[in-house]
Amino acid sequence: MTVVKPSIPKGTRDFTPTEMMRRNYIFDTIRSVFHKHAYLPIETPSMENLSTLMGKYGEEGDRLLFKILNSGDFTQGVDFDAPDASPNKLAARICEKGLRYDLTVPFARFVVQHQNDIAFPFKRYQMQPVWRADRPQKGRYREFYQCDADIIGSTSLLNEAELVEITDEIFRKFGISITMKINNRKVLSGIAEVIGQADKVTDLCTAMDKLDKVGQECVCQELLERGIPQESIEQLKPVFCFGGDNNDAKLEQLKQLLHTSEIGMKGVEELAAVLDYVKEMGLTTALEIDITLARGLNYYTGAIFEVKANDVAMGSISGGGRYDNLTGIFGLKNMSGVGISYGAERIYDVLNELNLFPDAILTPVKALFINFGKEDEKYALRGLRALRDAGIPSEIYPDSAKIGKQMNYANAKSVPYVIMAGENERLSNTYTLKNMNTGEQQQLPIEEITRMLL
RNA sequence: GCGGUUGUAGCUCAGUUGGUUAGAGUACCGGAUUGUGGUUCCGUGGGUCGUCGGUUCGAAUCCGACCUGCCGCCCCA
């Protein structure tokens, strides 16, 4: 037999028990907040038809889609040497499925497909892995989990405000201090309109998005390269230094700039309305208008959100926005939705870096029974059952190995208590409880031990 | 997809101008110690030196391609 070197695909990871317990802490915390706000769970398949996924995420997104080779003889009827055979065309012939790229597009598909069974407005949450054929880096993987909450079938800005509230609550529970940035695609459209470049919104967005990273000069340079004329860029320049930290000042400046643009003014109104709702909620999170916030996903039409951790240098840990037409592609009109997505692995890295994981999640096993061999095993089992009946996570070492080895096992697993159940204990109908941190031990009846470990 | 960088035992890393049989620490397993762990001492096992090819009498070492991790770009959670 040839030995295969163990390895996993690029950008994927195994999770150890410690990592899983921490990940579950993240998922449980987020889920509890979703539940509290009356969101209902759904799941969708890992793979979707490529026709569902293609063209929803922009050119870059299409490139990053994982495609799945058709089963069976995928070469049948495909001419690989055809004169016009491009990789894309061939891929379309031999792959009809792909791995999901996010949770929002599959959700839109789900809503259309199950529209008769859904009570609208529909509030759902979904926590599943997504896949992107991106080049991996720190905090960037090819398989990662998103935790999404969306409201679909309502245009009320109360929904935007609720997502802000949920975000505030989730990160407060984690103990992570965040800044939440908000913008509106309509504002961006308005800006493009006002500077006479209505058809260049996307170019405008991707360039402006980099303002805080590369500075004003580079952004202007990029705008120029993207074919936006110098005089339009000059008109844009005041926007770069809007308002500082003051949301009201920013709104005022936007109103002046955009008063000739209907769509722009609509965006400003929406922004103001969301901020107004949020003011009533008494949140600890700083909510900040950021005109340069654009986000790549091209299905957003209204509000856009992004969350960054204040005390850690890392990409955004959460993002979302409103989409008006996503279900339209699947044949269902007038179904506006708004949603937000929390990135599990980035939250993990932030919690890890700031040492914010609770200690309690690391010691899931409370007690280990030492195995003294056939004679005493059954006696140990009696005690074990008593602990388990009381809901105390506990186990018995399955082999009658040397005591030292069994103790080492308890240490390696950070089990805080070891229980000796050998001949001495059996004859006196007691168990010896040993505290592995202090080394203290005492011989007690099982009821007493159960009480102590609860 | 583009540019840079990295890879030696399960883990952390030595390894001289290319030279015989590639080392250490740690972990593991066994023993000192058959009812007491986190300390100590002794010993065993463990390697296609990322993979494939090239140069050479001879390659962990030099060259090329690929794979993987990391960094920057693009994009993003």
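So that the names make sense, note that chain A is the first sequence line, chain B the second, and so on, each numbered from 1. Bear in mind the structure is a predicted one, so any value in this text is a computation, not a measurement.
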Given [N], is OP1 or OP2 found less than 4.0 Å from the side-chain N or O atoms of [X]?
X: K10(A); N: rU68(B); result: yes
X: K402(A); N: rG31(B); result: yes
X: Q137(A); N: rG72(B); result: yes

Considering only atom P, compute the distance from rU21(B) to rU61(B) and round it to an integer number of Å.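 To the nearest whole Å, 15 Å.
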P atoms of rG47(B) and rU6(B), separation to the nearest Å: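 Here rG47(B) and rU6(B) have their P atoms 27 Å from each other.
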Return the 5'-most residue of the pair E345(A), P136(A) with respect to RNA chain B, ranking by each residue's nearest nucleotide.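 Looking at the nearest nucleotide for each, P136(A) comes out on the 5' side.
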Specify the residue among K405(A) and M420(A) whose closest nucleotide of RNA chain B lies further upstream toward the 5′ end.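 Going by which nucleotide is closer to the 5' end, it is K405(A).
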Within the 4.0 Å heavy-atom criterion, would you say [X] contacts the bases, only the backbone, or no part of the nucleic acid?
X: G11(A); value: sugar-phosphate
X: Y342(A); value: nothing
X: E440(A); value: nothing
X: Y141(A); value: base
X: Q146(A); value: sugar-phosphate
X: S316(A); value: sugar-phosphate
X: E423(A); value: base
X: G139(A); value: base
X: D134(A); value: base

Given atom [atom1] of [X] and atom [atom2] of [N], what is their separation to the nearest angstrom?
X: Y409(A); N: rC28(B); atom1: OH; atom2: P; answer: 14 Å
X: Y397(A); N: rG35(B); atom1: OH; atom2: P; answer: 15 Å
X: K138(A); N: rC71(B); atom1: NZ; atom2: C1'; answer: 11 Å
X: N408(A); N: rG38(B); atom1: CG; atom2: C1'; answer: 8 Å
X: K413(A); N: rG37(B); atom1: NZ; atom2: P; answer: 20 Å
X: K434(A); N: rG38(B); atom1: NZ; atom2: P; answer: 10 Å
X: I403(A); N: rG35(B); atom1: CD1; atom2: P; answer: 6 Å
X: I370(A); N: rU36(B); atom1: CD1; atom2: P; answer: 11 Å

Identify whether the distance between the nearest side-chain nitrogen and carboxylate oxygen of [X] and [Y] falls below 4.0 Å.
X: E222(A); Y: R226(A); result: yes
X: R13(A); Y: E19(A); result: no
X: E169(A); Y: K36(A); result: yes

Determine if F144(A) stacks with rA77(B); use a centre-to-centre distance below 5.5 Å and an interplanar angle below 30° as the criteria.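 Stacked: centres under 5.5 Å apart, planes under 30°.
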Centre of Y39(A)'s six-membered ring, under 6.0 Å away, within 45 degrees of the axis: is that where NZ or CZ of R124(A) sits?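 Not flagged: R124(A) not positioned over aromatic ring of Y39(A).
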Nearest listed nucleotide, side chain of E60(A), among rC74(B), rA77(B), rC70(B):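 My answer, after comparing the listed nucleotides, is rC74(B).
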Out of rC2(B), rC29(B), rU36(B), which has the shortest distance to the side chain of Q441(A)?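 Shortest atom-to-atom distance from the side chain points to rU36(B).
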Paired with rU21(B) by Watson-Crick or G-U wobble geometry, both distances under 3.5 Å: which nucleotide is it?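 WC or wobble partner does not exist here.
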G-U wobble or Watson-Crick pairing nucleotide for rU26(B) (cut-off 3.5 Å, both distances):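 rU26(B) is paired with rG10(B).
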Before you tell me yes or no, could you show the steps for K56(A) and E48(A) under salt bridge (charged side-chain N to carboxylate O under 4.0 Å, His left out), namely the whole-Å CA-CA distance, both residues' side-chain angles and the distance that decides it to 0.1 Å? CA-CA 13 Å; K56(A) 311 297 188 298; E48(A) 292 277 350; over 6 Å; no
Can you tell me whether the side chain of R140(A) and the base of rC71(B) have a donor-acceptor pair closer than 3.5 Å?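 Checked by distance alone, the answer is no.
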When only distance counts, do a donor and an acceptor, one from the side chain of R135(A) and one from the base of rG3(B), lie under 3.5 Å apart?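 Such a pair is found, so the answer is yes.
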Is any side-chain heavy atom of D203(A) closer than 4.5 Å to a side-chain heavy atom of L223(A)?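 Result no, sub-4.5 Å side-chain heavy-atom pair not found.
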Which atoms form the tightest heavy-atom contact between L293(A) and N183(A), and what is the distance?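 It is O-ND2, 2.8 Å.
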